[in-house]
Every structure is written in C-alpha cells, then in structure tokens.
Amino acid sequence: MPDNFEIAYPWVFFLVPLPLLIYFFLPALRIKSASLFLPVFNKALDYTRQKPRKSALVKRRNFLVWLGLFLCWVLLLVAISSPQLVGKPEMKVKTSRNFLIAADISFSMAQSDWTINGKKARRWDAVKQVMHEFIKKRKGDRMGLIFFASNAYIQAPFTPDLQVVDQMLEEADVGMAGQLTYIGKAITKGVEMFERDTIKTKVMLLLTDGVDAGSDILPLDAADLAKRDTVRIYTIGIGDPGKAGVDLDERTLQEIARVTNGQYFRAKDKARLEEIYTELDTLEPIEYEEEQNKPITLLYYYPLGAAIGVLLVMVVILTIVNFIKLFNQRKELYV
C-alpha cells in the first residue's frame with residue numbers, strides 16, 4: 001500500500017454488519033400471492049380436526065448468492081469511503097519582501113572599461129545585462145527601480161510583475177537623471193517608497209561607481225533614516241579603485257551597509273558582478289509556502305467497478321443455472 005494512500009471517510013466501515021442485522025432482527029417481507037381454491041378444504045379440516053392458519057414461504061438463497069451479495073455490499077462501502085492517493089502539497093513562491101534596486105546612471109557609468117563577450121562595453125551596459133538575469137530570478141519579490149544621478153526618480157514602483165520591471169530597466173540609460181552622483185537622495189527616495197507599502201521585509205540594493213556629490217542629504221544620514229525604517233541595504237561598488245578613471249568611495253558604501261545590517265560588495269568586472277548577484281540570492285533567498293490544496297487522485301471507481309463486476313458474474317451464473325434446471329425439467333416431462 002503506498003504511503004500516501006488515505007481513506008477519506010473510514011467511519012463508513014461501521015456499516016459492514018448492517019445487512020446481517022437487518023436479516024436477523026427484521027421480519028421477512030410477506031407478499032400475498034394467488035392460490036388455487038380447493039373444494040374439499042373444509043372437509044379436510046374437519047377430518048383432521050386442524051385449524052387453518054396463515055403462513056408465509058421465505059425463499060432461501062444458496063450460500064454463494066449470499067456471499068456474492070455481501071461482497072458487493074463491502075465493495076460499495078469501500079467506494080463510498082472514498083479511497084484516494086494524496087500527494088504532497090505543491091510549493092508556491094511566497095511574496096515575502098519588497099526589493100528595491102537603486103542604480104547609479106550618472107555620466108561616469110558611460111565609461112567603456114568593462115567587457116561583454118570579449119568586447120569593450122560601457123559599465124552601464126554590463127551592469128544592466130547582469131541585472132536583467134537577476135530580476136528574472138526574483139520570483140516572489142515585489143521589485144521596484146530607482147535611478148539616480150544629480151536627481152533620484154522612481155522608474156518602477158513596487159510590483160510583482162518582474163517583466164515590467166525588466167522592461168523599465170531596459171529603457172533607462174546613462175544621463176537621464178543628470179551628471180553627478182547623489183547617493184543620499186537615492187536612499188531617501190527609496191525609504192519614501194518603503195514607507196508607502198505594507199510588507200515588513202525591506203531590502204535595497206544600491207549600485208554606484210562614484211562619490212556622493214550632494215550636500216543637503218548625506219549618505220550616512222540617509223542610511224540612519226533607512227535603519228529606523230528597518231530597511232536593509234546591500235551596496236555594490238562598480239569598478240576597480242586601483243585603475244585610472246575609477247572614483248569609488250568604498251568607505252561610505254561599507255558604512256551604509258554596516259549601519260543597515262547589509263553587506264558591501266565590490267564588482268570590478270562583469271564576472272564578479274554575476275557572483276555578487278548569486279551571493280545575494282543566498283543572502284535574500286526566495287521563500288516558498290505550501291499550497292492549501294493537495295493534489296488528490298480518487299480511487300472509488302475501482303471498488304465500484306469490482307462490485308458491478310461481481311453482480312454481473314452472479315447474474316450470468318444464476319441465468320445459466322436456471323436455464324439448465326428448466327431444460328432438465330422439460331426433458332423429464334417428455335421422457
């Protein structure tokens with residue numbers, strides 16, 4: 001018997017002895033039938049000095065017929081009890097967090113010091129290509145996009161439709177938000193987005209290749225604001241500080257991650273950025289939950305079919321037996 005076999009209504013088997021109880025405790029069914037009138041019936045009573053009385057003929061069935069009927073009854077009860085195979089509940093992705101990507105699209109992201117398929121490419125093009133793959137894997141997250149440079153603006157509000165987020169990412173390009181890098185504005189704009197939503201788990205991914213140029217909202221002040229709103233920030237520094245043309249403030253990014261209980265990563269090339277996104281999948285895994293409805297395979301038609309089969313066999317056998325009896329009776333009459 002399989003481990004996932006279950007009986008939905010086991011109490012039905014308490015009805016197994018019901019036919020026996022009816023047979024022993026209920027009187028036989030009496031049906032009036034036609035009879036022959038006997039002219040000398042009263043004379044026979046006077047002669048024998050007996051009183052007439054009512055009587056009933058209870059037709060007897062042989063043991064095999066009773067056994068077959070009882071077997072059919074048991075099989076019908078098995079069918080009514082609803083035997084079934086209950087599979088394990090399917091797992092569905094659980095919407096568990098808001099995941100916000102804040103990406104730097106200042107002019108420095110247009111430098112062609114990264115490679116894609118062995119060819120020189122802009123930093124932004126390489127980052128965007130890896131981000132496309134990352135977004136597609138974040139099923140269950142409600143994702144949003146913020147792009148920032150001199151200003152920060154919302155490209156995509158939080159939505160479970162990752163295809164829309166991916167399309168909005170594709171449409172963004174360097175210079176759309178200005179020339180300089182204002183990290184503090186980006187974090188503040190992200191905190192405002194989180195405040196307008198009800199999901200408690202809040203994660204921000206901040207990508208930049210520059211130094212904060214703002215003076216009104218400092219990055220660490222914005223990080224303190226994010227901490228008070230329980231926003232965890234993972235920061236990614238784009239580029240290799242040891243190379244010319246890379247102006248990366250790693251210390252500030254490390255401090256932002258520390259204050260908000262996040263983590264800092266440095267992506268010096270496209271391969272390292274892919275590794276970082278894999279690590280992020282481990283740090284912020286997709287959560288699953290069981291479906292309430294379990295897959296069930298009903299098996300009632302097997303005992304029901306067996307009961308019908310037993311009845312058909314009984315009918316065929318009884319028909320053959322009665323035919324043989326009738327044939328023998330007629331044969332005796334003619335002999």
Side-chain angles (χ1 to χ4, degrees), residues 93-106 127 131 134-135 137-149 151-162 164-165 168-169 172 177 181-238 248-267 273 276-287:
V93 178
K94 179 182 178 181
T95 301
S96 55
R97 67 174 67 82
N98 279 335
F99 201 115
L100 177 63
I101 297 177
D104 182 359
I105 54 172
S106 60
V127 169
M131 284 176 63
F134 177 73
I135 290 173
K137 297 177 182 178
R138 299 306 302 182
K139 293 181 179 179
D141 287 346
R142 297 176 71 249
M143 297 200 73
L145 283 177
I146 284 181
F147 294 123
F148 69 94
N151 296 293
Y153 67 94
I154 300 172
Q155 178 77 347
F158 289 120
T159 175
D161 192 342
L162 302 185
V164 171
V165 177
M168 299 300 284
L169 170 66
T181 302
Y182 282 60
I183 298 175
K185 283 185 177 180
I187 297 175
T188 304
K189 179 66 73 174
V191 172
E192 291 176 0
M193 285 183 63
F194 286 119
E195 287 178 346
R196 294 195 294 266
D197 204 273
T198 57
I199 294 183
K200 295 181 179 180
T201 305
K202 308 167 186 178
V203 179
M204 183 187 301
L205 178 62
L206 179 70
L207 301 94
T208 182
D209 67 342
V211 178
D212 183 73
S215 57
D216 47 351
I217 304 176
L218 297 178
L220 295 183
D221 292 337
D224 287 330
L225 185 64
K227 180 182 178 182
R228 287 197 293 270
D229 198 33
T230 65
V231 178
R232 184 183 298 113
I233 301 178
Y234 294 97
T235 55
I236 298 179
I238 303 297
L248 181 62
D249 187 0
E250 287 193 290
R251 184 173 180 179
T252 297
L253 296 179
Q254 290 170 351
E255 190 64 18
I256 292 172
R258 186 193 67 79
V259 169
T260 59
N261 296 319
Q263 192 169 334
Y264 169 71
F265 304 93
R266 186 175 73 188
L273 185 59
I276 291 171
Y277 281 137
T278 302
E279 292 178 40
L280 283 172
D281 282 333
T282 304
L283 294 171
E284 297 291 337
I286 302 299
E287 296 184 21

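For this chain, numbers begin at 1 and follow the sequence in order. The shown structure was predicted, so the numbers you read here are calculated from the model rather than taken from an experiment.
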Is the shortest side-chain heavy-atom distance between [X] and [Y] below 4.5 Å?
X      : Y      : result
Asp229 : Lys202 : yes
Tyr182 : Asn151 : no
Leu248 : Leu253 : yes
Leu280 : Thr278 : no
Leu205 : Ile236 : yes
Thr208 : Thr181 : yes
Ile256 : Ile183 : yes
Asp249 : Asp212 : no

Taking every non-hydrogen atom, the tightest pair across [X] and [Y]:
X      : Y      : result
Ile187 : Ala223 : CG2-N, 4.3 Å
Val203 : Phe194 : O-CZ, 3.4 Å
Ile146 : Leu100 : CD1-CD2, 3.8 Å
Thr235 : Tyr264 : OG1-CD1, 3.1 Å
Leu145 : Val165 : CD1-O, 3.4 Å
Ala177 : Tyr153 : CB-CE2, 3.6 Å

Report task. Any chance you could measure Phe265, atom CZ, to Glu279, atom CD, to the nearest 0.5 Å? Result -> 5.0 Å

**Report entry** Atom pair CG/CE of Asp161 and Met168 - distance to nearest 0.5 Å
**Finding:** 11.5 Å

Requested in this report: Take Met193 and Ile154, measure what side chain to side chain contact (heavy atoms under 4.5 Å, CB included) needs, and give me the verdict at the end.
Outcome: CA-CA 9 Å; Met193 285 183 63; Ile154 300 172; 3.5 Å; yes

Query raised in the report: Hey, does the side chain of Asn261 reach the backbone of Arg232 with a donor-acceptor pair shorter than 3.5 angstrom?
Result: no

Report task. Please report the C-alpha distance between Met143 and Thr159 in whole Å, then the side-chain angles of each, then the deciding distance to 0.1 Å, and finally whether the side chain to side chain contact (heavy atoms under 4.5 Å, CB included) criterion is met. Result -> CA-CA 5 Å; Met143 297 200 73; Thr159 175; 5.9 Å; no

Requested in this report: Kindly indicate, with the supporting measurements, whether the criterion side chain to side chain contact (heavy atoms under 4.5 Å, CB included) is fulfilled by Met131 and Tyr277.
Outcome: CA-CA 8 Å; Met131 284 176 63; Tyr277 281 137; 2.9 Å; yes

Query raised in the report: Going by distance alone, is a donor N or O of one side chain under 3.5 Å from an acceptor N or O of the other, for Asn98 and Arg142?
Result: yes

Query - Side-chain donor-acceptor contact under 3.5 Å, Ser106 with Asp104 - result: yes

Query raised in the report: Ring centres of Phe134 and Phe99 under 6.0 Å apart?
Result: yes

